[in-house]
Amino acid sequence: MSMEKIVSLCKQCGFLFQSSEIYGGLQGFWDYGPLGVELKRNVKESWWRDMVTCHDDMSTLDGAPSPYSMEGLDCTIIMHPQVWKCSGHYDLFHDYMVDCKETKKRYRHDQLNGRWVSAKGKTAFVTAPAGDDEVELIKKRAMKYFNVRAKNIDDLVYDGDPVCLTEIQDLAEVLGPDAKTIGTLTEPREFNLMFKTYVGALSGEEGAAFLRPETAQGIFVNFKNVLDSTRHKLPLGIAQIGKSFRNEITPRNFTFRSREFEQMEIEFFCHPDESQKWYQFWRDRRMAWYHEMGIPEDRLILREHTPDELAHYSIGTADLEYAFPFMAAGEFGELEGISHRGDFDLRSHIEGKLDEKSNPLELQLDEHGKPKWKGSGKNLGYRDELTGEKYIPHVIEPSAGADRATLAFLCEAYTEDEQPDENGNMQKRVVMKFHPRLAPIKAAVFPLVKKDGMPEVAKEIYLNLKKQFKVFYDEKGAIGRRYRRQDEAGTPYCITVDGQTLEDQTVTIRDRDTLEQQRVNIDELREIIQCRIDA
RNA sequence: GCGGGUGUAGCUCAGUGGCUAGAGCGUCACGUUGCCAACGUGAAUGUCGUCGGUUCGAAUCCGAUCACCCGCUCCA
């Protein structure tokens with residue numbers, strides 16, 4: 001299935017448009033059209049209903065170690081800047097880079113070291129990637145640049161020990177790590193993966209804040225509030241749906257990697273001894289959810305991260321990946337990540353930013369031996385009322401992309417088949433086979449022809465169904481064309497008023513996938529449609 | 001960020017310097033029509049991605065720029 005056809009249908013039918021299209025578009029931003037917004041709302045609502053509102057906290061679900069509670073939350077997009085420092089996003093997403101105009105390579109500004117070298121009357125600041133072998137690398141680079149042979153090595157005159165490139169103001173005499181001539185490095189440019197803004201009237205750095213790059217941190221910083229206000233015991237899951245922002249360098253593949261996107265996240269807090277079982281539970285539960293929503297087993301894989309991909313405190317991370325049409329054959333794109341995060345996040349917000357590389361986890365210190373980023377100092381731990389045990393809960397994080405899920409459902413729904421026309425000739429048909437729960441329009445109502453009182457009856461049915469479902473009325477053109485139009489929109493049911501309706505108050509209800517029609521009473525329509533959607 | 005490709009009607013595309021920029025599909029109106037993209041008649045729709053240049057004349061040639069697609073790179 002080609003991605004072009006899906007992108008084309010999305011625009012034509014009103015699922016997705018490029019943001020600000022009339023001004024030429026903006027890379028990495030997309031708008032949902034009339035059908036798209038209904039689809040995405042249904043994706044989010046299905047997730048919220050299945051994970052939160054319809055959660056059964058009395059019984060033990062299949063595969064779960066015990067019953068658990070579930071609550072929702074809706075936090076702000078802009079949060080206290082210290083949140084991102086303690087979470088690690090500030091360090092991770094806040095790099096200065098220099099580009100080499102000659103070799104087109106890009107380097108982290110703070111990861112290049114170099115020293116001043118003179119020979120044959122010339123001087124240059126010779127650089128190399130920071131590391132144990134940097135002195136040797138700088139020597140080799142200098143020999144090549146100054147064209148000095150090994151026997152004349154003493155011609156090279158060093159001025160001082162290697163220092164970081166950040167110490168050098170003027171880059172005109174700097175030799176890039178792979179360049180042949182000096183002065184090829186651009187001025188350092190900030191590659192901030194977080195969008196920056198300013199809070200308050202002052203636009204100075206003291207007012208600087210960031211648009212959240214993930215929704216998770218809002219849950220961590222509210223963990224205590226939720227516990228205190230609900231009187232829940234652990235295990236407890238807290239769910240949130242909301243926009244996040246990442247200034248991706250290369251947005252690509254339609255909405256798959258966007259700069260503004262929506263996440264559906266759960267932070268699940270539990271006792272450390274049970275965390276592994278809960279990790280297993282959430283992996284299986286989330287996998288099953290996509291299957292229920294219509295993603296077939298062979299197009300969705302669960303990929304366990306290898307040990308070297310894992311942070312050491314994590315027991316595991318698994319990606320649920322879908323076979324998107326834009327991926328190469330046999331490759332998959334991430335829909336959701338389920339990670340075991342240990343107590344890293346809560347402890348970081350208590351004590352300060354922890355060093356992910358330390359084992360056991362220790363506070364990350366700056367060059368003066370003080371905490372690099374101070375935490376809140378608040379007690380975010382948990383005390384079990386029954387046993388009296390105090391501990392910092394471990395966290396399992398199923399983090400899904402709402403836009404990625406929506407895109408996967410769009411790709412999965414797109415189907416071309418052949419159906420006979422009125423003369424029995426096979427005609428190509430494009431049909432979006434959404435799960436009825438996800439379909440933007442649940443039913444369309446048609447008069448068979450635009451006369452004999454049929455439109456009046458059909459409109460009455462339409463208005464009645466509209467109280468419960470998103471429905472569509474159409475009386476224009478031939479009946480076959482109207483059916484096909486609804487097939488493209490993914491409407492699962494079409495209700496047609498015909499001559500017989502006027503005599504016995506029955507209509508036909510047509511199934512999108514099988515084309516079969518069933519004659520039913522008008523009174524039963526609401527119930528029948530609801531039953532079929534829930535089935 | 002680099003390299004390649006693309007950009008003309010709502011969609012798919014034709015149009016290689018010259019008359020008022022075209023086709024198919026779709027859309028709309030009227031008529032006809034009794035169950036799967038029907039038919040007839042009529043109609044609307046374009047700053048030819050944007051900006052600039054060359055030229056008597058540019059959708060067409062040149063430059064820049066924006067967006068999308070592919071491959072790298074980067075990120076995770």
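The chains referred to below are lettered A, B, ... by the order of the sequence lines, with proteins before strands, and numbering in each begins at 1.
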Syn or anti for B/G22, with syn set at within 90° of 0? anti
Is it the case that the side chains of A/Asp498 and A/Thr501 hold a donor-acceptor pair, with the cut-off being a distance below 3.5 Å and no angle test? yes
Between A/Glu516 and A/Tyr23, which has a closest nucleotide on RNA chain B that is more 5'? A/Glu516
Applying a 4.0 Å non-hydrogen cut-off, can you work out what A/Glu488 is touching in the nucleic acid: base, sugar-phosphate, or nothing? base
May I ask you to say what A/Gly14 touches in the nucleic acid, namely base, sugar-phosphate or nothing, with a heavy-atom cut-off under 4.0 Å? nothing
Name the pairing partner of B/U6, where a pair is Watson-Crick or G-U wobble with both distances under 3.5 Å, or state none. B/A67
Could you measure between the two P atoms, the one in B/U65 and the one in B/G57, and give it in whole Å? 26 Å
Across all strands, who's sitting opposite B/G57 as a Watson-Crick or G-U wobble pair, both distances under 3.5 Å? none
I'd like the C1' distance from B/U60 over to B/G22, given in whole Å. 15 Å
Suppose we define a pair by two distances each less than 3.5 Å, Watson-Crick or G-U wobble; what does B/C72 pair with here? B/G1
Tell me the interatomic distance from A/Phe446, atom CZ, to B/U33, atom C1', rounded to whole angstroms. 16 Å
Who pairs with B/A23 - Watson-Crick or G-U, where each distance is under 3.5 Å: B/U12
At under 4.0 Å between heavy atoms, which parts of nucleotides 24-29 of chain B does protein reach? Answer with one letter per nucleotide, 5' to 3': B base, S sugar-phosphate only, - none. --SSS-
Would you say A/Glu488 has more than 12 foreign heavy atoms packed within less than 6.0 Å of its CD? yes
Among side-chain atoms of A/Gln500 and A/Asp504, is any donor-acceptor pair under 3.5 angstrom? yes
I'd like to check the side chain to side chain donor-acceptor pair (under 3.5 Å) partners of A/Asp487; sequence neighbours left out, ordered by chain and number. A/Arg429, A/Arg510
Pairwise C1' distance for B/C36 and B/C28, with rounding to whole Å: 23 Å
A/His89 NE2 to B/A76 P: how many Å, rounded? 10 Å
As its Watson-Crick or G-U partner within any shown strand, both distances under 3.5 Å, B/U47 has none
Classify A/Arg482 by what it touches in the nucleic acid, base, sugar-phosphate, or nothing, heavy-atom distance under 4.0 Å. nothing
Give the nucleotide from the list B/G34, B/A38, B/C11 with an atom nearest to the side chain of A/Ala478. B/A38
So, the side chain of A/Tyr414 versus the backbone of A/Val430: is there a donor-acceptor pair under 3.5 Å, distance only? no
In whole angstroms, the gap separating C1' of B/A76 from CZ of A/Phe332 amounts to 19 Å
Rounded off to whole Å, could you give me the CE-to-P distance for the A/Met194 and B/C75 pair? 17 Å
OP1 or OP2 of B/U33 sitting under 4.0 Å from any side-chain N/O of A/Lys450? no
Rounded to the nearest angstrom, tell me the gap between atom CG in A/Leu16 and atom P in B/C11. 14 Å
Determine whether A/Phe326 and A/Phe254 satisfy the following criterion, ring-ring contact (aromatic ring centres under 6.0 Å, His included), listing intermediate values before the conclusion. CA-CA 9 Å; A/Phe326 50 75; A/Phe254 207 22; 8.7 Å; no
Using whole Å, what does the distance between atom C1' of nucleotide B/C13 and atom NZ of A/Lys5 come to? 15 Å
Pairwise C1' distance, B/A21 and B/U47 [rounded to whole Å]: 14 Å
For a quick check of understanding: with a heavy-atom distance under 4.0 Å over all strands, which category does A/Lys451 fall into, base, sugar-phosphate or nothing? base
Tell me whether the OP1 or OP2 atom of B/U12 has a side-chain N or O from A/Ser8 closer than 4.0 Å. yes
Whole-Å distance, A/Glu416 CD to B/A37 P, equals 16 Å
Classify the side chain of A/Arg510 versus the base of B/C35 as yes if they form a donor-acceptor pair under 3.5 Å and no if they do not. no
Sticking with atom C1', work out how far B/C62 lies from B/C25, rounded to a whole angstrom. 36 Å
Rounded to whole Å, the CZ-P distance (A/Phe256 to B/C75) equals 17 Å
Does any part of the side chain of A/Phe125, heavy atoms only, come nearer than 4.5 Å to the side chain of A/Leu165, both counted from C-beta? yes
Check every strand shown and say whether A/Gln18 touches a base, only sugar-phosphate, or nothing at a heavy-atom separation below 4.0 Å. sugar-phosphate
Want to settle it: does A/Asn253 or A/Arg484 sit nearer the 5' end of RNA chain B, counting the closest nucleotide to each? A/Arg484
Results of salt bridge (charged side-chain N to carboxylate O under 4.0 Å, His left out) for A/Glu21 - residues two or more places apart only: A/Lys11
Please pick, from B/C69, B/A67, B/G34, the nucleotide with the shortest atom-to-atom distance to any side-chain atom of A/Gln27. B/A67
Would you mind pulling out the nucleotide paired to B/G52, Watson-Crick or G-U wobble, both distances under 3.5 Å? B/C62
If the test is salt bridge (charged side-chain N to carboxylate O under 4.0 Å, His left out), which one of A/Glu321, A/Glu331, A/Glu336, A/Glu334 qualifies with A/Arg303? A/Glu321
The nucleotide from B/C70, B/C35, B/C69 with an atom nearest the side chain of A/Phe326 is B/C70
Whole-Å C1' distance, B/G34 and B/A29: 23 Å
Would you measure the distance from the P atom in B/G3 across to the matching atom in B/G15 and give it in whole Å? 28 Å
Using the P atom in both, what is the distance from B/G63 to B/C68, to the nearest Å? 23 Å
Given that both distances must come in under 3.5 Å, which nucleotide forms a Watson-Crick or G-U wobble pair with B/C28? B/G42
Are any side-chain N or O atoms of A/Lys442 and backbone N or O atoms of A/Tyr493, one a donor and one an acceptor, separated by less than 3.5 Å? no
